[in-house]
Participant: 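I'd like to ask some things about the structure below.
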Amino acid sequence: MEPGQGPGGQPPHPPGLALVTGAASDIAPATALLLARRGMPLAVADLDGDGARRTAAEIQASGSQASAWQVDISEPASVESMRDGILAEMGVPWVLVNNAGWDEAKPFLDTEPPFWDKVLGINLIGPIAVSHAFLPAMIDQGHGGRIVNVASDAARVGSAGETVYAGAKGGVVSFSKSLAREVARHGITVNAVCPGPTDTPLFRAQPENVQAALQRAIPMHRLAAPQDIAVAIAFFASAEAGYLTGQVLSVSGGLTMAG
Ligand SMILES: NC(=O)c1ccc[n+]([C@@H]2O[C@H](COP(=O)([O-])OP(=O)(O)OC[C@H]3O[C@@H](n4cnc5c(N)ncnc54)[C@H](O)[C@@H]3O)[C@@H](O)[C@H]2O)c1
């Protein structure tokens, strides 16, 4: 059997359209540009429509095809409207990268239900809604596919001050494993990438003493760059990774070595 082979012994499908969410900022643009360099047309989506358009323009300037979409992934109706537009204008994605995420670090006892709803809505309902919206078309197309969910090492080893977020990302890891079992027979893989501390505004929003302590603890003595995370996402998104599913990969410079 060839790597990336679809169900029923079909030959590997050449990489098709990739959708990347959270496309305005940091890890997503790095991922989208890497996938574009590997020959994939891109649909890039974000709550920040102008930011998504900036990323699409950057991809187009590099010579690849890209379109930008404004979406609130925590609202299933918004996701379905984006899905309808992408299917009509660009076709069926072969890769879904559920990357958009959000948090505000604070002690658990200082959090309130509206904050829980927001954190769970963006970080957990978002990947669920995007996967649910696109999977029927991916399955009907019969070419297999790749779903890569960006979780967090907060899900694997915990993170004080990010307790609700860690719960949401833990949900993303469990969701990825169970969905992987459900769609394996369609040649669709589902995997999770868990970034450790990464040099983006989401990380810089944490208290300075927390940032400094984390950086000191990383065996490689530097934060991840967005490109470090993009490489792991692109690996799971590749045709060659067709026999890997339900897996969780930490990208943390050795900070976490979860078994
Ligand atoms: N930066 C880190 O240290 C770190 C660590 C672990 C995990 N992560 C995860 O990596 C992913 C990317 O993080 P990043 O650091 O690039 O974050 P970022 O804040 O730079 O980018 C996140 C993007 O998601 C978008 N977004 C937020 N809510 C949205 C919504 N409802 N609908 C659509 N888009 C929305 C934002 O507009 C933003 O462009 C996230 O899932 C994050 O949780 C980041």
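The figures here come from the full heavy-atom set of this structure, side chains too, leaving out hydrogens, waters and symmetry mates. Numbering of ligands and ligand atoms starts at 1, following listing order.
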Participant: With sequence neighbours excluded, what pairs up with F235 under the ring-ring contact (aromatic ring centres under 6.0 Å, His included) test?
Facilitator: none

Participant: From S238 OG over to M40 CE, what is the distance, rounded to the nearest 0.5 angstrom?
Facilitator: 7.5 Å

Participant: At their closest point, which heavy atom of A155 faces which heavy atom of K169, and how far apart are they?
Facilitator: CB-C, 3.5 Å

Participant: What I'd like to find out is whether the side chain of D46 reaches to under 4.5 Å of the side chain of Q70, using heavy atoms alone.
Facilitator: no

Participant: Supply the atom-to-atom distance S252 OG to I229 CD1, rounded to the nearest 0.5 angstrom.
Facilitator: 8.5 Å

Participant: Any donor and acceptor pair, going by atom type alone, linking the side chain of Q211 with main-chain N or O of R204 inside 3.5 Å?
Facilitator: yes

Participant: For ligand 1, give me the residues whose heavy-atom distance to it is below 4.0 Å, by chain and number please.
Facilitator: G22, A24, S25, D26, I27, D46, L47, V71, D72, I73, N99, A100, G101, I122, V150, A151, S152, Y165, K169, P195, G196, P197, T198, T200, P201, L202, F203

